[in-house]
*Asks:* 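If you scroll down you'll find the structure; I have some questions about it.
All values below come from the heavy atoms of this structure, side chains included, with hydrogens, waters and symmetry mates left out. Please read all numbers here as calculations on a predicted model, not as lab measurements. Sequence lines set the chain letters: A, B, ... in the order given, protein chains first and strands last, and positions in each chain run from 1.
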Protein chains: 4
Amino acid sequence: MGIEFDKDRPIYVQLVERICGELVSGVRQPGDKLPSVREFALEVGVNTNTVQNVYKQLEQMQLTETKRGQGTFITPDILKIRSMREDLKRQLVDRFLNNVETMGFTQEEVLQTLKERGGI
Amino acid sequence: MGIEFDKDRPIYVQLVERICGELVSGVRQPGDKLPSVREFALEVGVNTNTVQNVYKQLEQMQLTETKRGQGTFITPDILKIRSMREDLKRQLVDRFLNNVETMGFTQEEVLQTLKERGGI
Amino acid sequence: MGIEFDKDRPIYVQLVERICGELVSGVRQPGDKLPSVREFALEVGVNTNTVQNVYKQLEQMQLTETKRGQGTFITPDILKIRSMREDLKRQLVDRFLNNVETMGFTQEEVLQTLKERGGI
Amino acid sequence: MGIEFDKDRPIYVQLVERICGELVSGVRQPGDKLPSVREFALEVGVNTNTVQNVYKQLEQMQLTETKRGQGTFITPDILKIRSMREDLKRQLVDRFLNNVETMGFTQEEVLQTLKERGGI
DNA sequence: GTGGTCTAGACCACT
DNA sequence: GTGGTCTAGACCACG
């Protein structure tokens with residue numbers, strides 16, 4: 001049971017990120033039901049309270065809707081998900097470029113490392 | 001006084017990263033003296049103990065040496081710094097590619113966003 | 001409350017040594033839970049932060065593992081503990097022989113004192 | 001210039017111990033003149049203030065005498081030195097046996113390690 | 001002045 | 001309740 005978590009960041013934040021990733025990548029589709037709190041807690045090896053918190057965050061971000069007695073569902077609003085996808089992509093790239101700059105890496109060496117490391 | 005810190009990660013970790021970045025980017029050179037604990041604490045607007053912790057981490061990473069009563073100095077060992085530079089570059093790229101993959105972004109769109117966003 | 005501490009060495013170092021000793025001597029077994037930070041602090045009569053520091057050191061030495069919200073546990077890795085035992089033994093003996101030499105004691109007199117003083 | 005110092009103990013304590021060792025081992029004889037504060041400071045790579053402190057400690061232990069304008073001299077009292085020698089020997093052995101016990105080492109294994117490690 | 005250790009007391013994330 | 005981080009403020013050894 002379980003995943004590894006970055007030791008230096010709150011678990012619930014990491015779980016929120018992970019689920020966003022699954023939304024964006026299509027692993028979870030609009031309208032899909034999320035696992036129950038207990039199920040998910042068991043699956044990732046975490047306390048149910050923590051998962052409660054995660055689901056709360058997601059709802060505040062309007063990415064999920066809770067239906068009483070039925071569970072938590074991914075918003076059927078495709079546009080919302082698409083726009084999040086673009087947001088995340090931009091964020092990811094920006095953070096990357098930002099780091100590249102502050103570390104003083106040149107474009108050439110970064111490009112080369114990108115190739116070496118199997119992507120792009 | 002001060003810098004902004006990521007709210008969701010320990011300040012001292014962020015400071016360590018920051019200094020590592022400055023080492024790697026050449027802003028700080030081998031042999032340089034770091035600001036004194038109290039100075040740095042004032043500069044970034046945190047408690048001296050927090051800075052102490054940061055400097056301790058750096059020393060454990062063998063990136064700095066402290067001389068009693070004189071201060072904390074960046075290791076003159078250039079090789080150590082070079083190797084850290086390569087490590088950080090690889091880490092950065094790997095994390096990026098990793099995220100790209102789990103988010104289900106295609107190479108093309110990422111490349112395009114990289115261009116749009118001003119780099120590479 | 002409390003133990004006596006060597007006045008000329010940091011408390012946290014002495015506590016780390018002490019726990020290492022307990023590991024090595026078998027007083028604490030692999031997998032055992034250490035007392036909670038607060039408990040231990042109370043027991044030895046020091047501040048919780050000091051104990052935190054001790055536990056952090058132990059974890060960096062990979063002698064313990066901490067489980068969020070549950071506590072700090074001795075590594076179940078018996079080999080790690082065995083090897084530490086041998087290390088400490090060698091260290092102890094080496095330091096002793098080293099001192100004997102620099103003090104200019106002869107083997108005979110040391111052996112005799114060892115016998116007189118109740119051991120070996 | 002310089003010696004290595006145990007990072008976790010005051011330098012002046014270590015220097016006092018060292019000189020005691022030299023007295024006991026005969027490297028320094030009763031009546032000998034100690035190096036001047038500045039000389040000694042230079043020799044061991046330490047600030048003169050620290051050496052001042054060391055000499056003060058030695059005088060308080062009545063192991064040295066200061067003659068105005070001439071320097072610091074080892075007490076000519078041979079008995080004092082002999083008794084210190086015995087004290088230190090007993091201390092050394094006792095601390096060793098103490099550690100052996102608290103670490104739970106058996107007499108046999110310690111004896112064997114003593115032989116392996118080149119002494120006794 | 002420098003770094004290092006310690007205390008008291010607070011707040012957070014997690015079980 | 002558990003560990004982890006942070007602050008404020010103190011004292012020490014060293015230069």
Side-chain angles (χ1 to χ4, degrees), chain A residues 5-15 41 44-54 57, chain B residues 5-15 33-41 44-59 64-73, chain C residues 5-15 33-41 44-59 64-73, chain D residues 5-15 41 44-54 57:
Chain A
F5 289 104
D6 209 350
K7 218 199 136 223
D8 279 332
R9 289 158 62 222
I11 290 179
Y12 81 94
V13 171
Q14 298 181 53
L15 284 177
V44 296
V46 167
N47 191 286
T48 53
N49 292 331
T50 305
V51 176
Q52 287 280 14
N53 192 3
V54 171
Q57 303 284 328
Chain B
F5 289 105
D6 245 6
K7 214 207 134 210
D8 278 335
R9 290 159 60 226
I11 291 176
Y12 79 95
V13 170
Q14 297 180 53
L15 285 176
K33 185 179 176 304
L34 290 183
S36 85
V37 170
R38 292 156 174 87
E39 241 181 318
F40 197 45
V44 297
V46 302
N47 189 278
T48 54
N49 285 331
T50 305
V51 176
Q52 281 281 10
N53 193 1
V54 171
Y55 280 17
K56 203 174 189 173
Q57 302 283 323
L58 290 170
E59 194 173 15
T64 60
E65 296 169 1
T66 82
K67 296 180 190 166
R68 297 213 198 200
Q70 296 180 234
T72 302
F73 299 83
Chain C
F5 289 105
D6 245 6
K7 213 206 139 212
D8 278 335
R9 289 158 62 224
I11 292 177
Y12 79 94
V13 170
Q14 297 180 52
L15 284 176
K33 184 180 177 301
L34 289 182
S36 87
V37 170
R38 292 154 174 85
E39 242 181 317
F40 197 45
V44 298
V46 300
N47 188 277
T48 54
N49 285 331
T50 304
V51 176
Q52 282 280 11
N53 193 0
V54 171
Y55 280 17
K56 203 174 188 173
Q57 301 284 324
L58 289 171
E59 195 173 15
T64 59
E65 296 168 1
T66 81
K67 297 180 188 165
R68 297 213 197 199
Q70 298 179 231
T72 302
F73 299 83
Chain D
F5 289 104
D6 209 350
K7 217 199 134 223
D8 279 333
R9 290 157 62 222
I11 291 180
Y12 80 95
V13 170
Q14 297 182 53
L15 283 177
V44 297
V46 167
N47 191 284
T48 51
N49 292 331
T50 305
V51 176
Q52 286 280 16
N53 191 4
V54 171
Q57 303 284 327

*Asks:* Is there side-chain contact between B:Leu58 and B:Leu34, with heavy atoms separated by less than 4.5 Å?
*Replies:*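 When only atoms from C-beta onward are counted, B:Leu34 and B:Leu58 do touch, with a gap below 4.5 Å.
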*Asks:* What are the two closest non-hydrogen atoms of C:Arg68 and A:Asp6, and how far apart are they?
*Replies:*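 Closest approach of C:Arg68 to A:Asp6, heavy atoms only: NH2-O, 3.7 Å.
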*Asks:* Out of curiosity, D:Lys7 NZ to B:Thr66 OG1, how far, rounded to the nearest 0.5 Å?
*Replies:*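 Going from NZ on D:Lys7 over to OG1 on B:Thr66, the span is 5.5 Å.
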*Asks:* Nearest 0.5 Å please: distance from the CD atom of C:Glu39 over to the NZ atom of C:Lys33.
*Replies:*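 Interatomic distance, C:Glu39 CD to C:Lys33 NZ, rounded to 0.5 Å: 6.5 Å.
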*Asks:* Please determine whether a side-chain nitrogen or oxygen atom of C:Thr66 lies at a distance below 4.0 Å from atom OP1 or OP2 of F:dG3.
*Replies:*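 Result: no.
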*Asks:* Which heavy atom of D:Val46 sits nearest to which heavy atom of D:Thr50, and what is that distance?
*Replies:*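 Nearest pair, atom of D:Val46 first, then D:Thr50: CG1-CB, 3.3 Å.
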*Asks:* Check whether any side-chain heavy atom of C:Val37 sits under 4.5 Å from a side-chain heavy atom of C:Tyr55, and report yes or no.
*Replies:*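 Sidechains of C:Tyr55 and C:Val37: in contact.
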*Asks:* CD of C:Glu59 versus C1' of F:dT2: gap in Å, rounded?
*Replies:*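 Nearest whole value for this atom pair: 13 Å.
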*Asks:* Once you round it to whole Å, what is the distance between C1' of F:dT5 and CG of B:Asp6?
*Replies:*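 Interatomic distance, CG of B:Asp6 to C1' of F:dT5: 15 Å.
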*Asks:* Rounded to whole Å, please give me the gap between CD in B:Glu39 and P in E:dG1.
*Replies:*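 Nearest whole value for this atom pair: 11 Å.
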*Asks:* Rounding to a whole Å, what distance do you find between B:Leu34:CG and E:dT2:P?
*Replies:*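 After rounding, the gap between these two atoms is 13 Å.
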*Asks:* Does a nitrogen or oxygen in the side chain of B:Thr72 sit under 4.0 Å from OP1 or OP2 of E:dG3?
*Replies:*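 Yes, B:Thr72 has a side-chain N/O under 4.0 Å of OP1/OP2 on E:dG3.
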*Asks:* Over how many whole Å does the gap from C:Leu15 atom CG to E:dT5 atom P extend?
*Replies:*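 Spelled out: CG on C:Leu15 to P on E:dT5 is 13 Å.
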*Asks:* If you compare all heavy atoms of B:Arg9 against all heavy atoms of A:Asp8, which two are closest, and at what distance to 0.1 Å?
*Replies:*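 Scanning both residues, the minimum pair turns out to be CG-O, 3.8 Å.
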*Asks:* In whole Å, what is the span from the NZ atom of C:Lys56 to the C1' atom of F:dG4?
*Replies:*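 C:Lys56 atom NZ is separated from F:dG4 atom C1' by 8 Å.
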*Asks:* Atom CZ of C:Phe40 to atom P of F:dG4: distance rounded to whole Å?
*Replies:*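 Interatomic distance, CZ of C:Phe40 to P of F:dG4: 15 Å.
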*Asks:* Taking Watson-Crick and G-U wobble pairs with both distances under 3.5 Å, convert DNA chain E into its dot-bracket string, 5' to 3', dots for unpaired and | for cross-strand pairs.
*Replies:* ||||||||||||||.
*Asks:* B:Gln52 CD to F:dT5 P: how many Å, rounded?
*Replies:*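 Those two atoms, CD and P, are 16 Å apart.
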*Asks:* For nucleotides 11-15 of chain F, which of its nitrogen or oxygen atoms have a protein nitrogen or oxygen under 3.5 Å away, and what is each distance?
*Replies:*
{"from": "F:dC14", "atom 1": "OP1", "to": "D:Ile11", "atom 2": "N", "distance (Å)": "2.1"}
{"from": "F:dC14", "atom 1": "OP1", "to": "D:Tyr12", "atom 2": "N", "distance (Å)": "3.4"}
{"from": "F:dG15", "atom 1": "OP2", "to": "D:Asn47", "atom 2": "N", "distance (Å)": "3.1"}
{"from": "F:dG15", "atom 1": "OP2", "to": "D:Thr50", "atom 2": "OG1", "distance (Å)": "2.8"}

*Asks:* So, the side chain of A:Gln57 versus the backbone of A:Tyr12: is there a donor-acceptor pair under 3.5 Å, distance only?
*Replies:*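 No, the answer is negative, given that no donor and acceptor are paired below the 3.5 Å cut-off.
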*Asks:* Report yes if some heavy atom in the side chain of B:Asn53 is under 4.5 Å from a heavy atom in the side chain of C:Lys56; otherwise report no.
*Replies:*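 Answer yes - side chains close enough.
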*Asks:* Starting at the 5' end of DNA chain E and moving along, which residue's nearest nucleotide shows up first, C:Lys67 or B:Lys67?
*Replies:*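 The residue closer to the strand's 5' end, by nearest nucleotide, is B:Lys67.
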